[in-house]
Amino acid sequence: MDMGRRLWLARVRVPAVATTMVVMLSLSSSLCVSAAARAGAGTAGAVAEQQRHPVVLIPGAGGNQLEARLTEDYKPSSLVCRVWPLVRGRGGWFRLWFDPSVLVAPLTRCFAERMTLSYDADADDYRNAPGVETRVSDFGSTSTLRYLDPNLKLLTGYMNTLATTLEEKAGYEEGRDLFGAPYDFRYGLAGPGHPSQVGSGYLQRLRLLVESACAANGGRPAILVAHSLGGLFALQLLARSPPQWRAAHVRRLVTLSTPPWGGSVQEMLTFASGNTLRVPFVDASLIRDEQRTAESNLWLLPTPKVFGNTTLVVSRSHNRSYSAKNMTQFLRDIGFEEGVEPYRARIRPLVEALPEPGVPVTCLVGTGVDTVESLVYGDGGFDEDPEEVVYGDGDGTVNLASLVGPIKAWSDSPTQVVEVVELPRVSHSGMLNDKSALEQIIRIVYAE
């Protein structure tokens, strides 16, 4: 290790089940490490006596409810899709995600055609399917990200355990110093010079929410807690903001199982043959085309910076192997030619460099869970499930190399603070409910 760069690396136990690696590139790094080691010793009452930093929860892909309504321009593929759902709310709005009707095959098709996006080459941006309007309700509240279906709370809990823990263990209160930032997770962002109306609009709403949260809490900067894809949006918000704004409004970024540092091999499975995300009874072939159109899914493909020339997919029918460096060929060979140009022009420039957030970062990552590392497709091609799946280390969704990407990406910075907490046997979604993960989040609240 080159000590000439003033790099310190320390390992601390915070609690016994977690290994904490603290990286800070400044002469004050020892103070950062000792503070992390002491954190977590207080009680909820102690935090209540202090002036808390507001917390903004940012969900991952599929991590909040999404509503839709259909206009006269909607062209359903069947009579069932024309009339479903039978009951709709005021103004014709209904919950598109999540609704248990997606489990029924005829309705799965209706769901897929309504979730589908299209790339408008002339506008260089993504759009909803014709006749489908979507919205995210209750922005600023945690209501739509606690449960994906409020009628099935036992089965569709998402961030409720995390939000409740902050309320009960650290004294946070909804709408006072605890906020939620849901978004249309199908959309993403693009590299410089390319428009992204929905994604950029979300960043603006998120910026205003953070400012409002700070103003409502005596000017104290907020702690952003982001799961999965939400971590990438949070990073882009910070990277696109002036240093003065970051210093005044964001105390720390906490990422939970964030894959966009370097993408995930599992995304190649999603594009190639479809991914039901472990939702039972759903036919992957019915949703594969819809999943391919999601701008955010292109964003989560493995990046060359992390995966290099490593073979990730082998196709016997095409007699070809694919790495992160020939992703455009992969997209062509799976039959998704329309994704090639958006990936090449909009996504690749976005992921080539990981910008520094400019605020302290804590990354909670799960390890020791079997995670897709490579796929082999047989003579049947990509319309069939892979013949062979090789697993490696990660959180069951994201590969370990991608989860710890910030260490390599920011290792030359003279000022960036990064803390990586490895949680053995904690899965990607389990991060939001696991006791050791929740204890780490409370530790961070105490430390700040």
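All heavy atoms count here, side chains included; hydrogens, waters and symmetry mates do not. Quick caveat: nothing in here was measured; it's all calculated off a predicted structure.
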Exercise. Is the shortest distance from a Lys or Arg side-chain nitrogen in Arg109 or Glu290 to a carboxylate oxygen in the other one below 4.0 Å?
Worked result: no

Exercise. What is the minimum heavy-atom distance between Glu295 and Leu117, and which atoms define it?
Worked result: N-CD1, 4.0 Å

For this session: Verify the neighbour count for atom CD of Glu338: are there more than 12 heavy atoms of other residues, nucleotides or ligands below 6.0 Å?
Result: yes

For this session: Taking Thr310 for its side chain and Phe307 for its backbone only, find out whether a donor-acceptor pair lies under 3.5 Å.
Result: yes

Problem set entry | Heavy-atom check, side chain of Asn151 versus side chain of Arg95, under 4.5 Å | yes

Problem set entry | NZ or CZ of Arg207 within 45° of Trp245 ring axis and under 6.0 Å | yes

For this session: Find the distance between CG (Asp370) and CG (Asp393) and round it off to the nearest 0.5 Å.
Result: 9.0 Å

Exercise. Taking all atoms of both residues into account, what is the closest heavy-atom pair of Leu232 and Thr258, and its distance?
Worked result: N-CG2, 4.2 Å

Seminar exercise, completed: For Ser285, the side-chain contact (heavy atoms from CB on, under 4.5 Å) test, sequence neighbours excluded, returns Asp283

Exercise. Would Arg69 and Glu133 count as a salt bridge (charged side-chain N to carboxylate O under 4.0 Å, His left out) if you check the C-alpha gap in whole Å, the side-chain angles of each, and the deciding distance to 0.1 Å?
Worked result: CA-CA 5 Å; Arg69 70 176 176 186; Glu133 297 179 355; 2.7 Å; yes

For this session: Would you check, one step at a time, whether the test side-chain contact (heavy atoms from CB on, under 4.5 Å) holds for Leu301 with Ile347?
Result: CA-CA 9 Å; Leu301 285 168; Ile347 301 300; over 6 Å; no

For this session: Go through the side-chain N and O atoms of Gln291 and Thr270 and say whether any donor and acceptor fall under 3.5 Å apart.
Result: no

Problem set entry | Minimum side-chain heavy-atom gap Phe94-Asp99 below 4.5 Å | no

Exercise. Can any side-chain N or O of Thr116 pair as donor or acceptor with the backbone N or O of Ala112 at less than 3.5 Å?
Worked result: yes

Problem set entry | Sidechain-backbone polar pair: Arg186 side chain, Met115 backbone, donor-acceptor under 3.5 Å | yes

Problem set entry | Donor on one side chain, acceptor on other, Asp138 and Ser143, under 3.5 Å | yes

For this session: State whether Asp124 and Arg346 are salt-bridged, where the test is any N-O pair (Lys NZ or Arg NE/NH1/NH2 against Asp/Glu carboxylate O) under 4.0 Å.
Result: yes

For this session: Would you indicate whether the side-chain heavy atoms of Phe330 and Met268 approach each other to under 4.5 Å?
Result: yes

Exercise. Do Asp333 and Tyr322 have side-chain N/O donor and acceptor atoms under 3.5 Å apart?
Worked result: yes

Exercise. Between Leu166 and Leu178, what is the shortest heavy-atom contact and its length?
Worked result: CD1-CD1, 3.9 Å

Exercise. Just one of Tyr343, Tyr126, Phe233, Phe185 clears the ring-ring contact (aromatic ring centres under 6.0 Å, His included) bar with Trp299, so which one?
Worked result: Phe233

Problem set entry | Contact check, side chains of Asn217 and Arg52, non-hydrogen atoms, under 4.5 Å | no

For this session: Taking all non-hydrogen atoms of both residues into account, name the closest pair between Pro182 and Ser141 and its distance.
Result: CD-O, 4.1 Å

For this session: Could you please spell out the steps behind the side-chain contact (heavy atoms from CB on, under 4.5 Å) verdict for Leu438 and Ile442?
Result: CA-CA 6 Å; Leu438 297 173; Ile442 295 300; 5.6 Å; no

Exercise. Are any of the side-chain heavy atoms of Val365 and Val420 separated by less than 4.5 Å?
Worked result: yes

Exercise. Taking side chain as C-beta onward, heavy atoms only, is Val389 less than 4.5 Å from Val372?
Worked result: yes

For this session: Could you please spell out the steps behind the side chain to side chain donor-acceptor pair (under 3.5 Å) verdict for Thr134 and Asn128?
Result: CA-CA 8 Å; Thr134 53; Asn128 278 353; 3.0 Å; yes

For this session: Begin from the C-alpha positions of Ser273 and Glu384 and carry the test side chain to side chain donor-acceptor pair (under 3.5 Å) through to its verdict.
Result: CA-CA 6 Å; Ser273 50; Glu384 298 181 0; over 6 Å; no

Exercise. Is the closest side-chain heavy-atom distance between Lys153 and Asn160 below 4.5 Å?
Worked result: no

Exercise. Between Arg220 and Asp177, is the closest basic N to carboxylate O distance under 4.0 Å?
Worked result: no

For this session: Provide the closest heavy-atom pair for Val265 versus Ser374 in the form atom of the first, atom of the second, distance.
Result: CG1-N, 4.3 Å

Problem set entry | Basic-acidic side-chain contact under 4.0 Å: Lys75, Asp73 | no

Exercise. Is any NZ, NE, NH1 or NH2 atom of the basic residue among Arg348 and Glu341 found under 4.0 Å from an Asp or Glu carboxylate oxygen of the other?
Worked result: no

Problem set entry | Test: Glu352 and Lys305 ion pair at under 4.0 Å | no

Problem set entry | Inter-residue atom distance Leu107.CG - Arg114.CZ, 0.5 Å rounding | 8.5 Å

Exercise. Does Arg88 make a cation-pi contact with Trp93, if we ask for NZ or CZ under 6.0 Å from the ring centre and within 45° of the axis?
Worked result: no

For this session: Quick one: sort the Phe139 and Tyr202 rings into parallel, tilted or perpendicular, breaks at 30° and 60°.
Result: perpendicular

Exercise. So, does Tyr172 use its side chain to make a donor-acceptor pair with the main chain of Pro54 at under 3.5 Å?
Worked result: no

For this session: Taking the side chain as every heavy atom from C-beta outward, state whether Ser101 and Trp84 have any atom pair closer than 4.5 Å.
Result: yes

Problem set entry | Polar side-chain atom of Arg288 near backbone of Ala272 as donor-acceptor pair, under 3.5 Å | yes

For this session: Please answer whether the main-chain N or O of Cys214 pairs with a side-chain N or O of His249 as donor and acceptor at a distance below 3.5 Å.
Result: no

Exercise. Are the side chain of Thr371 and the backbone of Gly396 linked by a donor-acceptor contact shorter than 3.5 Å?
Worked result: yes

Exercise. Of all heavy-atom pairs between Leu375 and Pro386, which one has the smallest distance, and what is that distance?
Worked result: CD2-CG, 4.1 Å

For this session: May I ask you to decide whether Arg82 forms a salt bridge with Glu72, counting only side-chain N to carboxylate O separations under 4.0 Å?
Result: no

